[in-house]
Amino acid sequence: MIEHLLTLDARDPLAHKRAEFTLPEGVVYLDGNSLGAMPRAVPDRLARVLHGEWGEALIRSWTAGADRGEDWMALPDRVAAKVARLIGAQAHEVAVGDSTSVNLFKVLAAALHLNPDRRVILTDAENFPTDLYVAQGLGELLGRGHELRRVPAREIAAQLTPDVAAVLLTEVDYRTGERLDMAAVTAAAHAQGVLTVWDLAHSAGAFPVDLRGAGADFAVGCGYKYLNGGPGAPAFVFVAERHLPHAPTALSGWMGHADPFEMERSYRPAENARRFVVGTPQVLSLSALDTALDVFEDVNLGDLRAKSLSLTDTFIELMAPLGERFPLTLATPLDHARRGSQVSYRHPDAARVMARLTGRGIIGDFRTPDILRFGFTPLYHSHLDVARAVLGVQAVLEEQA
Ligand SMILES: *Cc1c(COP(=O)(O)O)cnc(C)c1O
């Protein structure tokens with residue numbers, strides 16, 4: 001078995017990417033879906049921004065280096081273009097800034113505005129809490145009788161009724177790692193006049209996303225998970241080109257204006273997705289994200305997906321014998337088309353198992369009530385890491401039995 005894994009690692013076209021990350025010794029880090037590991041080039045970039053651009057050049061950095069594309073003003077657009085490639089969008093359809101939660105508010109508000117005669121926001125009952133809370137809060141704020149309708153994910157297609165304005169879904173379930181068929185759901189929604197809002201928190205950077213191919217309307221996603229932008233990294237927002245001229249920005253700030261430095265008295269939105277940016281860009285964290293995204297530059301996204309599936313297949317295969325000895329149930333689909341880049345198991349004592357695993361340097365995640373979650377990052381994991389993780393799980397379960 002080990003030899004087979006070593007062969008897979010020897011053939012891995014992404015093996016050289018691991019050296020581009022800082023990873024602690026003796027740790028198998030399986031939580032890149034909560035906070036991606038740090039790309040090695042980030043500290044130097046931040047040091048340059050701090051000492052040179054902020055410390056020395058000060059206010060001049062907003063425009064200095066514009067000829068080389070290094071000015072702070074253009075930083076959000078440069079980062080947006082890098083994200084666009086990973087999510088199958090055109091650069092002018094993507095903006096970067098704020099958090100995923102805030103961006104969700106903006107695009108959901110735009111979707112409801114574009115479908116004014118309908119009052120229902122349809123969502124997966126198990127959607128990530130912030131998605132549910134933002135939708136609920138926005139509906140209440142609008143005060144026009146909007147309802148947040150929560151149904152099991154598999155019933156979404158059947159619930160696309162004529163009162164539904166927008167369907168809000170996370171492509172990959174943060175607990176089970178189950179992936180929805182974005183193209184099929186989007187087509188079904190459009191057939192009923194429903195707009196789609198996709199949360200790509202567990203998709204972007206984990207595998208190639210094809211927003212244009214799917215015909216998606218709106219999307220948001222995180223900069224600090226599979227994009228490795230660092231804690232609290234700015235998030236992204238996608239608005240399909242066809243909606244750009246009509247999609248209102250609920251938060252119309254000066255940086256979303258067509259010409260921020262004209263200081264006009266009334267708001268005139270930028271033509272591209274920058275209209276969804278609100279205020280001054282977060283230069284420090286945007287710079288870290290910018291450098292983190294460079295790691296993807298020479299990565300073939302097909303290779304990324306193939307390796308992710310190979311890692312998760314290997315993990316599931318090696319874990320199978322433990323499922324026969326311990327109360328461990330696989331929560332992630334076996335079908336490749338329905339799997340993201342994580343594998344989850346249910347275990348009655350999951351919180352304690354994960355605490356012990358973390359103590360052994362196998363860092364995954366516990367998700368209430370009983371989920372053990374292991375995120376696989378094709379840029380920095382090897383098949384040998386997978387075997388190490390399984391040995392750790394085995395030791396913990398035996399110890400606890
Ligand atoms: C991580 C995550 C978020 C995070 O939102 P923030 O505003 O960055 O805190 C949102 N949605 C999903 C599905 C997530 O997994």
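The residues of the chain are indexed from 1 along the displayed sequence. Note that ligands are numbered from 1 as they come in the structure, with each ligand's atoms numbered from 1 the same way.
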For Ala201, the ligand 1 atoms whose distance to one of its heavy atoms is below 4.0 Å: 2 (C), 12 (C), 13 (C), 14 (C), 15 (O)
N-O pairing of Glu399 and Arg360 below 4.0 Å: yes
Proximity of Leu104 to ligand 1 by residue part, where a heavy atom lies under 4.0 Å: neither
Ligand-side contact atoms (ligand 1) for residue partner Thr130, heavy atom cut-off under 4.0 Å: 10 (C)
Modelled atom types, side-chain donor and acceptor of Ser344 and Thr176, under 3.5 Å: no
Neighbour count >12 (heavy atoms, 6.0 Å) for atom OH, Tyr267: yes
Taking atom 11 (N) of ligand 1 as the reference point, the nearest protein heavy atom with its distance: Asp199 OD2, 2.7 Å
Within 45° cone and under 6.0 Å: Lys106 NZ/CZ vs Phe238 ring: no
Atoms in ligand 1 flagged as close to Ser99, the criterion being non-hydrogen separation under 4.0 Å: 7 (O)
Ring center gap for Phe326 and His347 short of 6.0 angstrom: no
Shortest protein contact, atom 8 (O) of ligand 1 (heavy atom only): Tyr224 OH, 2.7 Å
Where ligand 1 meets Thr170 - atom numbers and elements under 4.0 angstrom, heavy-atom basis: 13 (C)
Ligand 1 N/O within reach of Asp131 N/O, cut-off under 3.5 Å: yes
Within 45° cone and under 6.0 Å: Arg352 NZ/CZ vs Phe366 ring: no
Heavy-atom nearest neighbour in the protein, as seen from atom 14 (C) of ligand 1, with distance rounded to 0.1 Å: Lys225 NZ, 2.8 Å
Closest approach of any protein heavy atom to atom 7 (O) of ligand 1, naming residue and atom: Ser101 OG, 2.6 Å
Ring-ring centroid check Phe315 Phe374, cutoff 6.0 Å: yes
Validation row, ring centre Phe261 to ring centre Trp254 under 6.0 Å: yes
Geometric N/O contact His202 with ligand 1, under 3.5 angstrom: yes
Thr100 and ligand 1 - part of the residue with a heavy-atom distance under 4.0 Å: both
